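This report concerns only the one structure given below.
Because the structure is predicted, anything quoted here is derived from the model rather than measured.
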Amino acid sequence: MSIPAGFDELIHPATRLSVVALLAATEWAEFAFVRDSLSLSDSALSKQLHTLEEAGYLEIHKEGGGRRRRTKVRLTDRGRAAFDGHVAALRAIVDGATAAQAGQAEGGGPGAEPRQQHAEAGR
């Protein structure tokens, strides 16, 4: 199976995908909100944000100073387009696998027997 157009290796790792998915649902998000929502440490989130910022996928805005300094992040248009393309590519992969499985089951080939339901497994 070939990798569909739009699949983004940079976004694909679970932590980055979670960050981008969270940011896709809002205009701006505070660093603390993203950190707490994804149960990440400050350093782990900072590293992921820096990687996404370098790729042009998000913008980081710092305001205030001292102990009252607040960091906000948002997806750029490029980041939003990359996320949308990646989600479409993942759907294409899933749809392709589902179609292949259905075709194989209809054809009576190897693996054609339906899988047992969880409730029936082990009986």
**Message:** Contact between Glu59 and Thr76 at the side-chain level, heavy atoms closer than 4.5 Å - yes or no?
**Reply:** yes

Between the CG atom in Leu52 and the NZ atom in Lys47, the distance rounded to the nearest 0.5 Å is 12.0 Å

Value for CG (Leu75) from CG (Leu23), rounded to nearest 0.5 Å, stands at 5.0 Å

inquiry  = Please check: side-chain N/O of Arg74 versus main-chain N/O of Ala24, any donor-acceptor pairing under 3.5 Å?
reply    = no

| Given the rule in the side-chain contact (heavy atoms from CB on, under 4.5 Å) test, do Leu90 and His12 qualify, once you have shown the distances and angles that lead to the verdict? | CA-CA 10 Å; Leu90 291 174; His12 191 67; 3.9 Å; yes

Q) If we only count heavy atoms from C-beta on, is the Leu49 to Phe31 side-chain gap below 4.5 Å? A) yes

Leu10 and Ala55 have their tightest heavy-atom pair at CD2-CB, 3.2 Å

By salt bridge (charged side-chain N to carboxylate O under 4.0 Å, His left out), Glu53 pairs with (sequence neighbours left out) none

Hits for salt bridge (charged side-chain N to carboxylate O under 4.0 Å, His left out) against Asp42, two or more places apart or cross-chain, chain-then-number order -> Arg35

| Considering only heavy atoms from C-beta outward, does the side chain of His86 approach that of Val20 to under 4.5 Å? | no

**Prompt:** Just wondering, do Arg16 and Thr51 contact through their side chains at under 4.5 Å, heavy atoms?
**Reply:** yes

Closest non-hydrogen atoms of Pro4 and Ala89, given as atom of the first, atom of the second and distance, are CG-O, 3.5 Å

Flag yes if Ile93 and Ile3 sit in one hydrophobic cluster, no otherwise; membership is Ile, Leu, Val, Met, Phe, Trp, Tyr, and two members link when side-chain heavy atoms are under 4.5 Å apart.
yes

- Do Tyr57 and Arg80 come close enough that some side-chain heavy atom pair is under 4.5 Å? no

Which of Asp36, Val34, Val73 passes side-chain contact (heavy atoms from CB on, under 4.5 Å) with Leu45? Answer is Val34

| query | Would you say the side chain of Lys62 lies within less than 4.5 Å of the side chain of Arg69, judging by non-hydrogen atoms? | reply | yes

Item to check | Asp8 side chain near Phe83 side chain, heavy-atom distance below 4.5 Å | outcome: no

- For residues Thr26 and Phe33, determine if any side-chain heavy atom of one lies less than 4.5 Å from a side-chain heavy atom of the other. no

ask   = Any link between Trp28 and Leu22 through a network of hydrophobic side chains (Ile, Leu, Val, Met, Phe, Trp, Tyr) touching at under 4.5 Å?
value = no

